[in-house]
Amino acid sequence: MSDILIRNVLLDGRRRNVLIRDRHFADTDAAADLPADRIVDATGKAMLPAFYNTHNHAAMSLLRGYADDMPLFTWLSEHIWPFEDTLTEEDIYAGSRLAILEMIKSGTVFFNDMYFDLPQTIQAVDEMGVRAALGVTFMNNHSKIVRTEKVGYMRSWNDPTGGRIQLAAAPHAIYTADGSQLRLAADTARELGMKIHIHVSETRKEVEDCIAEHGTTPVRYLESIGLLGPDVIAAHVVHVDDEEIEILRRRGVTVAHCPCSNMKLGSGIFRYDAMIRSGIRVTLATDGASSNNNMDMREEMKFAALLAKCSGNPELLPAEQVLSWATSAGAEAFGLKAGVIAPGYLADCLLVNLENEKMTPCHHLVSNWVYAADSSCIDTVICDGRIIMEGRHVPGEEEILEAARQRISLRSTSAR
């Protein structure tokens, strides 16, 4: 691993020289003439933490714009699931690479994924140099043989990237995984020290159906079967009452908030004030590109902050707090010493162009970053101490885009 010296970068309000060594930030006040394998002149740029996307379905990038403007369950059952049933391994590999390319170009270096055919996503993550938690899905439509294979896969897991990938158990939701599936996923994850990733209380229909079937709400049901704990990443969590928020807090559950997806699918508005007052760890996520329809975490920050203020309180969820949801809180939820630019932390960061029109003038860097910027402001992305985008170019991006276009073209041709 090569040393990188980033010279003359704006960090915490002043110009600094930052040394990256052995995958970590080694010195954030280094001498300008310190020898290094690679020297980057960051004049006119600021260094900011990279993003950690805590709920995604990466390969669904191939479904971007396929089915829009309809309720969640109609969208899923009549459009998304039938399309997904026809996806090949080649499709999932191409879709995963497309998603990772988009995430890199918008500043994300980690994503928590829930999808199928893990080997293809693992290959894409390995090749493109990012981090990921990849969910082994558990659903009712999986046979006993498939469930046994999934558990065996988790037990024999060996990360080919040397630390950038972790597995998680991913029971999809209470309406697609029954109690036995949920318990199997949770028990296996806890035996192996892995995270548990699940959709929770995304829509009113989910809550109403759970009450009809189990006599209680989703959070209370998951509590009753012993699934909730500090190893759980609960996505969406829109329709919850005060007692359920207290259950989540007491159990140490992390909430992955997806503002754009929630708005687009009409799922509802997150309970910002109650969640913040509770002290629950809240993180930010994009969801998949078929329900967002992009994976731009900077955009999620702005929408989250503005939605919070729709309550009538302009002080709720300030820029610094929503930035922490998108960065350090997400990293912390997955046991990563990252999301903070300081010695000893993993070297994940962005170099943002302060000369971009959206960053001018720069009275307050974080405010500009949350409310004014877009992904075009990102010049360089560093993950695990390695530059994976420079000058807004990701190595191989042209081929990645063409491969995704070809997969969709092949599907269109075969359909005719």
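Quantities reported herein were computed from a predicted structural model and do not represent experimental measurements.
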Asks: For Val146 and Thr148, what are the C-alpha separation, side-chain angles and deciding distance, and is it a side chain to side chain contact (heavy atoms under 4.5 Å, CB included)?
Replies: CA-CA 5 Å; Val146 170; Thr148 301; over 6 Å; no

Asks: Classify the side-chain pair Glu84/His79 by whether it contains a donor and acceptor separated by less than 3.5 Å.
Replies: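 Not at all, the side chains of Glu84 and His79 share no donor-acceptor pair under 3.5 Å.
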
Asks: How many angstroms lie between atom SG of Cys258 and atom CG of Asn53, to the nearest 0.5 angstrom?
Replies: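 Rounded to the nearest 0.5 Å, the SG-CG separation comes to 7.5 Å.
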
Asks: For His236, which of His257, His197, His55 qualifies under ring-ring contact (aromatic ring centres under 6.0 Å, His included)?
Replies: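 Output: one option passes, namely His55.
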
Asks: Tell me which one of Lys45, Lys105, Arg38 satisfies salt bridge (charged side-chain N to carboxylate O under 4.0 Å, His left out) with Glu390.
Replies: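 When Lys45, Lys105, Arg38 are each tested with Glu390, the salt bridge (charged side-chain N to carboxylate O under 4.0 Å, His left out) holds only for Arg38.
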
Asks: Just list the side-chain donor-acceptor pairs under 3.5 Å for residues 288-295, sequence neighbours left out, or say none.
Replies:
unit_1: Ser291; atom_1: OG; unit_2: Ser261; atom_2: OG; d: 3.3
unit_1: Ser291; atom_1: OG; unit_2: Asp287; atom_2: OD2; d: 3.4
unit_1: Ser291; atom_1: OG; unit_2: Gly288; atom_2: O; d: 3.4
unit_1: Asn292; atom_1: OD1; unit_2: Asn294; atom_2: N; d: 3.4
unit_1: Asn292; atom_1: ND2; unit_2: Thr286; atom_2: O; d: 2.7
unit_1: Asn292; atom_1: ND2; unit_2: Asn294; atom_2: O; d: 3.2
unit_1: Asn292; atom_1: ND2; unit_2: Glu300; atom_2: OE2; d: 2.7
unit_1: Asn293; atom_1: OD1; unit_2: Lys264; atom_2: NZ; d: 3.1
unit_1: Asn293; atom_1: ND2; unit_2: Asp68; atom_2: OD1; d: 3.4
unit_1: Asn294; atom_1: OD1; unit_2: Asp296; atom_2: N; d: 3.1
unit_1: Asn294; atom_1: ND2; unit_2: Glu299; atom_2: OE1; d: 3.1

Asks: Any salt bridge between Asp37 and Arg21, counting N to O under 4.0 Å?
Replies: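 Salt bridge: no.
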
Asks: Are Asp374 and Arg298 ion-paired here, with the side-chain N under 4.0 Å from a carboxylate O?
Replies: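 Looking at Arg298 together with Asp374, the answer is no, because their closest N to O distance does not fall below 4.0 Å.
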
Asks: What about Tyr52 and Phe334, are their ring centers closer than 6.0 Å?
Replies: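 So the answer is no for these two rings.
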
Asks: Looking only at heavy atoms, which two atoms of Phe138 and Ala177 are closest? And how far apart?
Replies: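 Smallest heavy-atom distance, with atoms named: O-CB, 3.7 Å.
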
Asks: Answer yes or no: is there an ion pair linking Glu243 with Arg220, defined by an N-O contact shorter than 4.0 Å?
Replies: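 A salt bridge is present here (some side-chain N lies under 4.0 Å from a carboxylate O).
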
Asks: Checking Thr360 against Glu355 for the side chain to side chain donor-acceptor pair (under 3.5 Å) test, could you report, in this order, the C-alpha distance in whole Å, the side-chain angles of both residues, the deciding distance, and whether it holds?
Replies: CA-CA 7 Å; Thr360 306; Glu355 296 174 359; over 6 Å; no

Asks: Please report the C-alpha distance between Asp209 and Lys205 in whole Å, then the side-chain angles of each, then the deciding distance to 0.1 Å, and finally whether the salt bridge (Lys or Arg N to Asp or Glu O under 4.0 Å) criterion is met.
Replies: CA-CA 6 Å; Asp209 289 351; Lys205 176 175 169 51; 3.0 Å; yes

Asks: Measure from NZ or CZ of Lys302 to the centre of the six-membered ring of Tyr371 and say whether it is under 6.0 Å with the direction within 45° of the ring axis.
Replies: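 Verdict for Tyr371: no cation-pi partner in Lys302.
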
Asks: Strictly under 6.0 Å, is that where the ring centroids of Tyr175 and His199 end up?
Replies: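 No, the ring centres sit 6.0 Å or more apart.
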
Asks: What is the minimum heavy-atom distance between Ile280 and Ile245, and which atoms define it?
Replies: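 Shortest heavy-atom contact: CD1-O, 3.4 Å.
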
Asks: Could you tell me whether Lys195 and Asp231 make a salt bridge, using a distance below 4.0 angstrom between a side-chain N and a carboxylate O?
Replies: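 Judged by the 4.0 Å cut-off on N to carboxylate O distance, Lys195 and Asp231 do not form a salt bridge.
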
